[in-house]
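Questions regarding the structure given below will be posed in turn.
Letters go in sequence order (proteins before strands), and every chain restarts at 1. A quick note: this is a predicted structure, and the numbers were derived from the prediction, not measured.
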Protein chains: 2
Amino acid sequence: MNSLKQMVPKATLQRFPVYLKALRKLDNLGVQRIMSRELSEFVDIEPTTIRRDFSFLGSLGKQGYGYDVKALIDVFERHLGGRFEEKLIIVGAGNLGRALMNYNRWNHVVGEIVCAFDIEPNKTGAMYEIPVYPLSELKERIPEGCRIAILTVSKDVQETVNLLIEAGVKGIVDFTHEHIQVPKGVNIKAVDVVSMIQELVFETNSIS
Amino acid sequence: MNSLKQMVPKATLQRFPVYLKALRKLDNLGVQRIMSRELSEFVDIEPTTIRRDFSFLGSLGKQGYGYDVKALIDVFERHLGGRFEEKLIIVGAGNLGRALMNYNRWNHVVGEIVCAFDIEPNKTGAMYEIPVYPLSELKERIPEGCRIAILTVSKDVQETVNLLIEAGVKGIVDFTHEHIQVPKGVNIKAVDVVSMIQELVFETNSIS
DNA sequence: TATAGTTTGTGAATATTTTCATAATCTTCA
DNA sequence: TGAAGATTATGAAAATATTCACAAACTATA
């Protein structure tokens with residue numbers, strides 16, 4: 001698509017989704033334009049940081065006016081996959097996998113969950129209108145163009161990841177508690193509630 | 001407890017749980033000592049960064065030897081709440097809340113889920129041996145010393161957060177998609193699968 | 001159209017984080 | 001015990017990220 005990554009700082013990259021979420025909410029509230037100073041209070045990021053972050057995607061604002069909310073959302077969606085185009089799969093149809101299948105708030109935001117896979121044949125079939133296939137059929141069943149998988153298996157984690165990578169997956173949202181090794185070019189985002197609680201505990205301890 | 005926070009860089013803080021997780025795994029594998037260079041390959045963080053991170057908690061290693069895995073785990077657990085002492089609550093007993101109640105891998109790691117709350121009376125009772133109370137009884141039912149809540153409600157988010165803060169909660173693991181306002185001294189960790197997917201999409205787009 | 005009042009975008013300054021380079025200190029083995 | 005080899009801990013340097021400060025450029029109003 002584009003090759004902005006070389007220039008966009010990592011720190012900025014991590015804030016982009018925050019901005020998009022906030023802008024969508026503002027749009028829903030009927031806000032049509034916003035200034036960096038206002039947005040700052042909303043997302044708790046300094047106005048000047050916001051402006052510099054935005055500047056990596058172009059000159060999106062107007063002096064003396066601010067930013068057009070809808071136009072901004074448009075730009076972010078183009079870069080953050082907000083065009084509902086991503087074909088997502090869930091790998092692991094246990095409790096968490098099922099909850100995520102039913103967690104339909106993300107549909108029509110980044111894409112759709114096309115299907116799921118599970119290693120146990122007795123868990124296949126369909127859940128919440130999402131077909132669940134045996135993991136052994138991954139190669140045949142994986143949707144054309146699928147790049148992102150949500151991983152909720154509880155065993156054989158690395159083996160499963162290897163299968164996904166072979167099948168062309170480039171990004172994994174990882175709900176497991178394992179350390180995963182991936183080759184260059186494959187990204188992992190770990191969702192680890194335990195780690196989050198640990199960070200909270202540390203911060204809470206440190207304050208008092 | 002201590003007041004390390006002033007000195008420990010934010011970036012370091014975010015890596016602590018990563019180290020703890022890796023060390024626990026190494027311990028399980030029977031590894032008794034480890035050097036920063038070995039650990040580096042495991043967690044994909046530069047050895048020198050690892051050593052500096054560790055140094056904020058003291059001189060934990062020995063020259064020419066490395067680090068003792070169990071001793072290191074001990075130090076991290078002291079700082080990251082690994083003593084199973086945290087009393088956790090889940091607020092919102094919907095699909096996701098239930099999945100998390102049954103996601104018992106975190107018990108005996110940071111603490112235990114003592115109970116859950118839901119605004120709808122017909123969802124109360126008990127699930128997976130965890131009692132579920134009406135949200136209106138939060139003040140009476142919240143466990144003594146509870147500081148951390150896992151938030152999975154889908155509406156009245158800010159109102160619910162306000163209730164939690166009034167009840168003494170200092171840290172929130174946030175599974176909602178809302179922007180939450182909290183006073184100083186209260187920390188939020190947002191678990192946002194959508195945002196993670198967006199980051200992945202951006203990164204994947206940028207590489208090609 | 002002109003003027004006053006805003007706010008963006010960005011060079012430069014500052015702050016933070018990572019990495020380099022090496023002294024200090026440990027282990028190991030003869 | 002001593003010498004060789006290894007690895008940590010850390011001051012200093014480099015890289016990265018944030019914030020300051022202000023010119024440029026817009027809006028709004030008369």
Next item on the list: Starting at atom CZ of F54(A), determine the distance to atom C1' of dT10(C), rounded to an integer number of angstrom.
Entry: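 After rounding, the gap between these two atoms is 16 Å.
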Next item on the list: Take the protein atom CD1 of I45(A) and the nucleotide atom P of dT19(D), then report the distance between them rounded to whole Å.
Entry: 10 Å
Next item on the list: Return no unless some side-chain N or O of S55(A) is found under 4.0 Å from OP1 or OP2 of dG9(C).
Entry: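 It does not, given that no N or O in the side chain of S55(A) lies less than 4.0 Å from OP1 or OP2 of dG9(C).
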Item checked: Side-chain heavy atoms of I113(B) within contact of I89(B), under 4.5 Å -> no
Next item on the list: For D68(B) and dC26(C), give me the distance from atom CG to atom P, rounded to whole Å.
Entry: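 After rounding, the gap between these two atoms is 15 Å.
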Checklist line | Gap between atom CD1 of I50(A) and atom CG of L39(A) - 0.5 Å precision | finding: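 One gets 4.0 Å once the value is rounded to the nearest 0.5 Å.
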Margin query: If you define the side chain from C-beta out and look only at heavy atoms, does anything of P183(A) sit under 4.5 Å from I165(A)?
Written below: yes
Check: Quick one: does L23(A)'s side chain get under 4.5 Å of V31(A)'s, heavy atoms only?
Finding: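 Counting from C-beta outward, L23(A) and V31(A) never come under 4.5 Å.
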Note to self: Counting only side-chain nitrogens and oxygens, does Y67(B) get under 4.0 Å of the OP1 or OP2 atom of dA9(D)?
What the structure shows: yes
Margin query: A quick test of your reading: do over 12 heavy atoms of other residues, nucleotides or ligands sit less than 6.0 Å from CD1 of I119(B)?
Written below: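 For I119(B), atom CD1 is not crowded (no more than 12 foreign heavy atoms under 6.0 Å).
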Note to self: Checking N162(A) against Q158(A): is there a side-chain donor and acceptor pair closer than 3.5 Å?
What the structure shows: yes
Check: Between Q14(A) (CD) and dT17(C) (P), how many Å, whole number?
Finding: 13 Å
Next item on the list: Using only heavy-atom distances, decide whether a donor-acceptor pair under 3.5 angstrom links the side-chain of R52(B) to the base of dT19(C).
Entry: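 Per atom types, the contact qualifies.
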What protein N or O atoms touch nucleotides 3-5 of chain D N or O atoms at under 3.5 angstrom, if any, and at what distances?
none

Next item on the list: Mind calculating the distance between CD1 (I50(B)) and P (dT7(D)) to the nearest angstrom?
Entry: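 From I50(B) CD1 to dT7(D) P: 14 Å.
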Check: Is any side-chain heavy atom of L88(A) closer than 4.5 Å to a side-chain heavy atom of E112(A)?
Finding: no
Check: CG of D53(A) versus C1' of dA17(D): gap in Å, rounded?
Finding: 10 Å
Margin query: Counting only heavy atoms and a strict 4.0 angstrom limit, can you tell me which residues of residues 27-41 of chain B come near DNA chain C?
Written below: R33(B)
Margin query: With a 4.0 Å cutoff (strictly under), does any side-chain N or O of R51(A) reach OP1 or OP2 of dA21(D)?
Written below: no
Next item on the list: Please work out if T48(B) contacts a base, only the sugar-phosphate, or nothing of the nucleic acid, heavy-atom cut-off 4.0 Å.
Entry: base
Next item on the list: Look at the rings of Y67(B) and F54(B) and say which category their plane angle falls in: under 30° parallel, 30 to 60° tilted, over 60° perpendicular.
Entry: perpendicular
Note to self: The side chain of E46(B) is closest to which nucleotide in this list: dT10(C), dT19(C), dT27(D)?
What the structure shows: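 Nucleotide nearest to E46(B)'s side chain: dT19(C).
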Notebook entry, point to check: Counting only side-chain N and O atoms of Y65(B), is one of them less than 4.0 Å from OP1 or OP2 of dA24(C)?
Noted result: no
Notebook entry, point to check: Distance from F76(A) atom CZ to L57(A) atom CG, nearest 0.5 Å?
Noted result: 5.5 Å
Margin query: Do R15(B) and T49(B) have side chains that approach each other closer than 4.5 Å (heavy atoms only, starting at C-beta)?
Written below: yes
Item checked: Which nucleotide in dA9(D), dT18(D), dT17(C) has an atom nearest any side-chain atom of K10(B) -> dT17(C)
Check: Just how far, in rounded Å, is P of dC26(D) from CG of L60(A)?
Finding: 15 Å
